[in-house]
2 protein chains.
Amino acid sequence: MASIVAAAWRLSGEHGVGGVSLRALAREVGIRQPSLYEYFDSKHALYDSMFADGNRQLLARLEAVKLPRDPRAAVKSFMQAFIGFSVEDVPRYVLLFQRQIPGFEPSAESYQPAQVFLNRAIELLHAAGLESQADVDCFIAMVAGLVDAQISNDPGGHRWIRHLNRLADMYLDEPKRRKRR
Amino acid sequence: MASIVAAAWRLSGEHGVGGVSLRALAREVGIRQPSLYEYFDSKHALYDSMFADGNRQLLARLEAVKLPRDPRAAVKSFMQAFIGFSVEDVPRYVLLFQRQIPGFEPSAESYQPAQVFLNRAIELLHAAGLESQADVDCFIAMVAGLVDAQISNDPGGHRWIRHLNRLADMYLDEPKRRKRR
DNA sequence: GTCTATACATCGATAGAC
DNA sequence: GTCTATCGATGTATAGAC
């Protein structure tokens, strides 16, 4: 079961998440295609397992990060870890954060770790002074924009993501500037 | 030819760009599926025509915008127009700006209007004081982040894109603040 | 659990007649 | 140009032997 999901990740590295065929997956695992139905009721069920697995990987990664005391530094560390996780495995990022598989919606269970992750991010942003929904939305959209641009235009590089710390400071300072007026 | 591309756009509105099948497209046009190969050598050639067509639409839209004299206001108008164009037709945005069709790479010809658009954006940002590659990269990634979040999480709404003007000011002010130190 | 075998629908694509 | 017919691949699914 876990080894099938691992094999699916391997295959997705070659032809993308959408390019994983059940026949190829069975071949990779060393069984026949119908036997996969012993483990997954459908291809979407496979994607759901991969989605859950990817989110567990993300949570494990972020929990391993030692967050600095300073709230602002904590936000940066957290986001840097997220960015590193995202760019190191593009198909995984695509499955977890882009709506790309036609018709695939993660189940509520599989989606839960994603919620935990998001709540943790919001919590850290609050602690660093971003209180309003609007400010949090903008910050998260900014990070996603950096990751997307990086993956799309310069995979393996750092042309966009290297600006995270500077932009984070800018976003975190902005509420203060707004108040001063 | 043009009417086939138009029909393809219509179909993409129902099941997404990736969901356009040649059989459904032929049905929509009133011919049989193999007859489409008289007009397009492959499905990717169809996507290439759609890509070129979408970029022509974008250029036409942006050329129709009356840009204010003030460089900063001009940037905002330009980006607002781009955002409006993006959110009003999601499949078109997906084809033009997301790498979502597996294996599809626009031809150099079709890509040319996209270059024109990008150069125009860079030009306006320069005029508004964003000179470095880094600053331009960040600004454009920010706009893309807003559009992506909007389309993914709140299609038809304005929860993210409404922050464009405020964020634009923030990005355009930042080089000055950096110099003051 | 895993297999063989088979089925059905869909897809992009091609051959060849008209 | 348009057609019919067909190909090989896909995802999905089932029946039934071992």
Side-chain angles (χ1 to χ4, degrees), chain A residues 1-54 91-92 94-96 98-107 110, chain B residues 1-54 91-92 94-96 98-107 110:
Chain A
M1 179 83 180
S3 70
I4 298 179
V5 170
W9 285 125
R10 273 199 305 283
L11 287 182
S12 75
E14 298 170 18
H15 307 97
V17 220
V20 176
S21 91
L22 295 183
R23 285 173 173 86
L25 178 57
R27 200 181 312 127
E28 176 83 12
V29 181
I31 61 176
R32 305 291 175 164
Q33 175 251 338
S35 303
L36 285 175
Y37 282 82
E38 288 292 320
Y39 303 93
F40 306 99
D41 290 340
S42 69
K43 193 174 188 182
H44 279 65
L46 167 67
Y47 282 137
D48 202 55
S49 290
M50 294 174 74
F51 184 91
D53 181 58
R92 186 178 61 189
V94 167
L95 180 64
L96 295 187
Q98 318 242 43
R99 294 276 165 267
Q100 182 162 132
I101 309 301
F104 169 63
E105 283 293 325
S107 65
S110 301
Chain B
M1 179 82 180
S3 69
I4 298 179
V5 170
W9 285 124
R10 273 199 305 282
L11 287 183
S12 75
E14 297 170 19
H15 306 97
V17 221
V20 176
S21 89
L22 295 184
R23 283 172 174 86
L25 178 57
R27 199 180 314 126
E28 177 85 11
V29 181
I31 60 178
R32 304 289 176 165
Q33 175 249 339
S35 303
L36 285 175
Y37 283 80
E38 287 295 319
Y39 303 92
F40 306 98
D41 290 339
S42 69
K43 193 175 188 183
H44 279 69
L46 166 67
Y47 282 136
D48 202 56
S49 290
M50 295 174 75
F51 185 90
D53 181 58
R92 186 178 61 188
V94 167
L95 180 64
L96 295 187
Q98 319 242 42
R99 295 274 165 267
Q100 182 162 132
I101 310 300
F104 169 63
E105 282 294 323
S107 64
S110 301

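Chain letters run A, B, ... following the sequence lines, proteins first, then strands; residues in each count from 1. Every heavy atom of this structure was used, including side-chain atoms; hydrogens, water molecules and symmetry mates were not.
As judged by a 4.0 angstrom heavy-atom cut-off over every strand, A:Val29 is placed among residues making no nucleic acid contact. Within the 4.0 angstrom heavy-atom criterion, no nucleotide atom of any strand lies near B:Phe40.
Nucleotide D:dT14 holds its C1' atom 15 Å from the CG atom of A:Leu36, rounded to whole Å. Taking atom CG of residue B:Leu25 and atom P of nucleotide C:dC11, one finds them 11 Å apart after rounding to whole Å. Spacing between atom NE2 of A:His44 and atom P of D:dA13 amounts to 11 Å, rounded to whole angstrom units. A:Met1 has its CE atom 13 Å from the P atom of C:dT2, to the nearest Å. What separates NZ of B:Lys43 from C1' of D:dA9 is a distance of 14 Å, to the nearest Å. Taking atom OH of A:Tyr37 as the reference point, atom P of C:dT4 lies 17 Å away to the nearest angstrom. One interatomic measurement links the two molecules: CD1 of A:Ile101 to P of D:dG11, which rounds to 12 Å at whole-angstrom precision. In this structure, the CG atom of A:Leu22 is 5 Å from the P atom of D:dT12, given to the nearest Å.
When the nucleotides C:dT2, D:dT2, D:dT12 are ranked by their closest atom to the side chain of A:Gln33, D:dT12 comes out on top. The side chain of B:Pro34 sits closest to D:dC3 out of D:dC3, D:dT2, C:dC3. Listed candidates were C:dC3, D:dT12, C:dG12. Nearest to the side chain of A:Arg32 is C:dC3. Considering only the side chain of B:Ser35, D:dT2 comes nearest among D:dG11, D:dA13, D:dT2.
Within 6.0 Å of atom CZ in A:Arg10, more than 12 heavy atoms from other residues, nucleotides or ligands are found, so the atom counts as buried in its surroundings.
For the residue pair B:Ser110 and B:Ala52, the shortest heavy atom distance occurs at OG-CB, 3.7 Å.
Distances shorter than 4.0 Å separate some side-chain N or O of B:Ser21 from OP1 or OP2 on C:dC11. Proximity of B:Arg23 to the phosphate of C:dT10: no side-chain N or O atom is located under 4.0 Å from OP1 or OP2. Between B:Tyr39 and D:dG1, a side-chain N or O to OP1/OP2 separation shorter than 4.0 Å is absent.
A distance-only check finds a donor-acceptor pair linking the side chain of A:Tyr47 to the backbone of A:Val17 [under 3.5 Å].
Atom CG of A:Leu95 and atom CZ of A:Phe104 lie 5.5 Å apart (nearest 0.5 Å). Separation of atoms CE (A:Met50) and NZ (A:Lys43) is listed at 9.5 Å; rounding is to 0.5 Å.
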